[in-house]
Amino acid sequence: MANFQPVQLFNQGSVEERGENARMSNFVGAIALTDLMRTTLGPKGMDKILQSMGHNGEITVTNDGATILKAINVDNAAAKVLVDISKTQDEEVGDGTTSVCVLAGELLREAEKLIEVNIHPQTIVEGYNLAASIARNRLAEIAECNGDNPEKFKQDLLNIAKTTLSSKVVRNEKEHFAALCVDAILRLKGSKNLDAIHIIKKPGGSLIESKLEEGFILEKRIGVGCPKRIENAKILIANTAMDTDKIKVFGAKVRTDSVDVVAEIEDVEKQRMWTKTQKIADHGINCFINRQLIYNLPEEFFASKGIMSIEHADFDGIERLALVLGGDIVSTFDHPEQVKLGHCDLIEEDMIGEDKVIRFSGVALGEACTIVLRGATAQLLDEVERSIHDALCVVSQTVGETRIVYGGGCSEIELALAVDQAAQKTAGKKALALEAYARALRQIPSIISDNGGYDSAQLVSQLRAAHASGNLSMGLDMNNGKIGCMKELCITESFKVKNQVIISASEAAEMILRVDQIFKSAPRERSQDPRYG
C-alpha cells in the first residue's frame, strides 16, 4: 500500500514560504522600506537620526538615502534588494539613492494592486520592461546638451550642483558650495578620479567659510626640530617601521646578570635604526613621509640632516599623497635608483582655524585640490561632506555625459505621459501594467510636494495639464508651492542619474515580482566544546 505520510524535505528549523505568502512578504518588506525613505525625498525632505547602540551612542543626522540604508539592518529579502540597488546607485552616479528606492517601492505597490485583480506577475514584468524602455527613450528625447558651449555647460554644471545640494543640509549656502564643487571638478580636466580632490573637516566657523585650496593639505604635524618650509621638495613616501629602537628593547624579555648587556642590545638596535635612516637619506630627499610612527632617534637624525619628517600619515593620506605627488610608496631602501620620488614646489606649515596643517603646493598632479569644510559641529560637518561628495559625483558624471534634464518632477511627469500614451495603443492586460508604471512615476512629484506641506493632488494635476499642453519644462516650484518653469528656475539634473534611477528601479521591481518561493535555512547548530564542559 502507498504511504501518504508527509516527507520532511528540509532540515528542522528551516522556513519555506510559497506563492501568495512569499509574494506578500516581499511586498510588505519593500513597501515598508519605501515608506521609511519617502519623507526624505526632495528639497524639503526630512532628516533621520541614526543612533549607534554601542557604549558611546554615536549619532548621525542625515537625509542621504545610501547612508540611511547602509545603517539600518533589514531582515526582509525584498527590502535587502532595495538596499542593494541604493548602494549601486550611489557607486554608479553618486546621487538619486532615495529616488531609486522610492520608485522601486511604488512600482511594487502598483504591482500588488494588479496581482489582487488576478494579473499574472509575468504579465506585469513584461509591461514594466516595455514601460521602462519607453520612459528611457522619451528621457533621451527631452534631454538637452550644451557640451559644445563651455560657458553654457559650466552654467549647467552649476545648476545641477545646486539642484543636488538643494535637498541637503547646505541648501541655504548651495550657491557657494556648488561653485566649489564645479571648480574642483573642472580642475580634473575630464578625469573622473575624485581621489585628486581631498576633503578635510575643521570644526568652527560657519559653512560659508568653507573654501577650495589648490594643492594638497595634510592634517599632520612636522617633526620636532625639522625645517618648517621647503622649496623644490623631493619626497620619499614610505610605509615602514621607524620605532624598532623602542619596540625591540622595551617590548622584549631579556635574562641577564648585568644591565650592561641590556645597554649593548639597545645600542645595537639604535645602530640598526641609524643605518636605516642613513639609507633613507641617501635617496637625496629633503622630505620623508611615513605612514607609521617615527620615534625620537630617526626624527633627530632627519632634523640633523635638514630633512623634514612627517609621521603617522594614515593609509588614505599616504595613498592620496602618492597620487598627487607622483611618487611610489616604498618599504625597503636598498635600491634608491629604483624608487620614484614625489615632487612639489613648496611644503609649509599653515593654520586652519586653531589647527596646524601641512600644505603641499605645486604638486606633480596639477589638478589636485583640497576642499576645507567649516561648521559648528562634527555631525554637521559629516553631513556636509556627504552632500559635497554627492554633488562632486554628479558633476563629474555630467562632464562625461553632458546631457541634462529638468528636475522638480518635470521629467517624471513627461515620462508618465509618454507611458500613458503607449498604454492607450497597447492591447491586452499589458496595458494595465503600463498604466501602473505611469502612476508610479507620478508618485515622485506627489511625494516631493507632500514633503513640502503642499497639496500634491492639485500640483500634480496642474503639472499633467501643463505637459499635455506642450509645456515640457514645467515642474514643481517648492519655494512658492506652485508649478513653474524649470528652465527659468535653473532646476536641472544629470541625464545619467535620472536614466540610472529608471534602470535600477525597474530591474529591482522585476526581480522581486518574479519570486514565488522564499527559503530560509536553519542556522548551523553549534556543538559544545567538550573541553569547556
Side-chain angles (χ1 to χ4, degrees), residues 36-37 39-73 86 90 94-95 97-98 161-184 194 197-213 216-221 312-317 320 349-359 369-395 451-452 478-479:
L36 169 74
M37 298 300 301
T39 58
T40 67
L41 186 66
K44 296 201 174 182
M46 306 298 283
D47 291 350
K48 309 287 186 187
I49 291 182
L50 309 173
Q51 185 168 6
S52 168
M53 298 302 290
H55 67 280
N56 53 1
E58 289 184 4
I59 65 167
T60 302
V61 183
T62 182
N63 71 349
D64 181 60
T67 305
I68 296 170
L69 293 175
K70 284 176 188 174
I72 59 177
N73 294 319
S86 181
D90 190 41
D95 196 25
T97 52
T98 304
K162 285 190 284 189
T163 303
T164 302
L165 295 172
S166 64
S167 62
K168 310 294 185 184
V169 71
V170 296
R171 61 179 66 89
N172 293 329
E173 309 291 350
K174 63 183 180 182
E175 288 84 4
H176 176 67
F177 283 100
L180 288 186
C181 294
V182 172
D183 290 344
L194 296 183
I197 302 173
H198 185 40
I199 299 176
I200 64 174
K201 299 170 287 187
K202 289 294 180 185
S206 61
L207 290 174
I208 199 67
E209 293 177 26
S210 302
K211 57 186 177 179
L212 179 71
E213 298 278 2
F216 188 87
I217 295 177
L218 187 65
E219 297 177 89
K220 297 296 174 185
R221 297 285 188 92
H312 218 231
D314 55 38
F315 190 73
D316 184 48
R320 287 180 186 272
E349 203 168 55
D350 199 359
M351 293 282 291
I352 296 180
E354 298 179 355
D355 299 327
K356 288 184 179 180
V357 297
I358 304 169
R359 185 189 301 275
C369 57
T370 301
I371 296 177
V372 182
L373 301 178
R374 305 301 307 278
T377 66
Q379 288 82 13
L380 175 64
L381 286 175
D382 289 340
E383 180 64 2
V384 172
E385 183 183 20
R386 286 188 286 268
S387 305
I388 292 294
H389 177 265
D390 285 356
L392 289 173
C393 288
V394 174
V395 173
N451 290 343
M478 293 302 290
N479 289 328

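All of these numbers come straight from a predicted model, not from anything done at the bench.
Between the Lys44 side chain and the Met478 main chain, a donor and an acceptor come within less than 3.5 Å of each other. In this structure, Lys356 contributes its side chain and Arg221 its backbone to no donor-acceptor pair below 3.5 Å. Proximity of a side-chain donor or acceptor of His176 to a complementary backbone N or O of Ser210 within less than 3.5 Å is detected. Judged by distance alone, with hydrogens and angles left aside, the side-chain atoms of Thr370 form a donor-acceptor pair with the main-chain N or O of Ile217 at under 3.5 Å. The backbone N or O of Gly204 sits less than 3.5 Å from a side-chain atom of Arg374, completing a donor-acceptor pair. Listed for the Asn451 side chain is a donor-acceptor partner under 3.5 Å among the backbone atoms of Leu41. For the pair Arg359 (side chain) and Met351 (backbone), a donor-acceptor distance under 3.5 Å is absent.
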Can Glu219 and Asp355 be said to form a side chain to side chain contact (heavy atoms under 4.5 Å, CB included), step by step?
CA-CA 8 Å; Glu219 297 177 89; Asp355 299 327; over 6 Å; no
What do the steps show when you test Val394 against Thr163 for side chain to side chain contact (heavy atoms under 4.5 Å, CB included), and what is the final call?
CA-CA 10 Å; Val394 174; Thr163 303; over 6 Å; no
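Here the shortest heavy-atom pairing between Ala184 and Cys369 reads CB-SG, 3.9 Å. Minimum interatomic distance between Ala161 and Val182 (heavy atoms only, all atoms of both residues): CB-CG2, 4.3 Å. What you find for Ala313 and Lys220 is that their closest heavy atoms are CA-CE, 4.0 Å. For the pair Pro203 and Leu381, the tightest heavy-atom approach, listed with the atom from each and the gap, is N-CD1, 3.5 Å. In terms of heavy atoms, Lys162 sits closest to Glu175 at CD-CG, 3.9 Å.
Side-chain atoms of Leu36 and Ile72, non-hydrogen and from C-beta on, do get closer than 4.5 Å to each other. By the 4.5 Å heavy-atom criterion applied to side chains, Leu373 and Leu207 are not counted as neighbours. Ile388 has its side chain within reach of Cys181: a pair of non-hydrogen atoms, C-beta onward, lies under 4.5 Å apart. With a 4.5 Å cut-off on side-chain heavy atoms, Cys393 and His389 count as touching. Inter-residue side-chain proximity for Asn63 and Lys168 is flagged as met; some heavy-atom pair is nearer than 4.5 Å.
Atoms CG and CG, on Leu194 and Leu392 in that order, are 6.0 Å from each other to the nearest 0.5 Å. With rounding to the nearest 0.5 angstrom, the OG1 atom of Thr97 is 9.0 Å from the NZ atom of Lys70. Within the model, atoms CG of Leu380 and NZ of Lys201 stand 11.0 Å from one another, a figure rounded to the nearest 0.5 Å.
Residues Lys48 and Thr39 bring a donor and an acceptor atom of their side chains to less than 3.5 Å of each other.
Shown here are the side chain to side chain contact (heavy atoms under 4.5 Å, CB included) partners of Thr62, two or more places apart in sequence or in another chain: Leu50, Thr60, Asp64, Thr67, Ile68, Glu383, Arg386. Residues forming a side chain to side chain donor-acceptor pair (under 3.5 Å) with Thr40 (at least two apart in sequence, or on another chain): none.
Residue-environment remark: CD (Glu58) stays at or below the threshold of 12 foreign heavy atoms within 6.0 Å.
When Lys174, Arg171, Glu173 are each tested for a side chain to side chain contact (heavy atoms under 4.5 Å, CB included) with Leu165, only one passes: Lys174.
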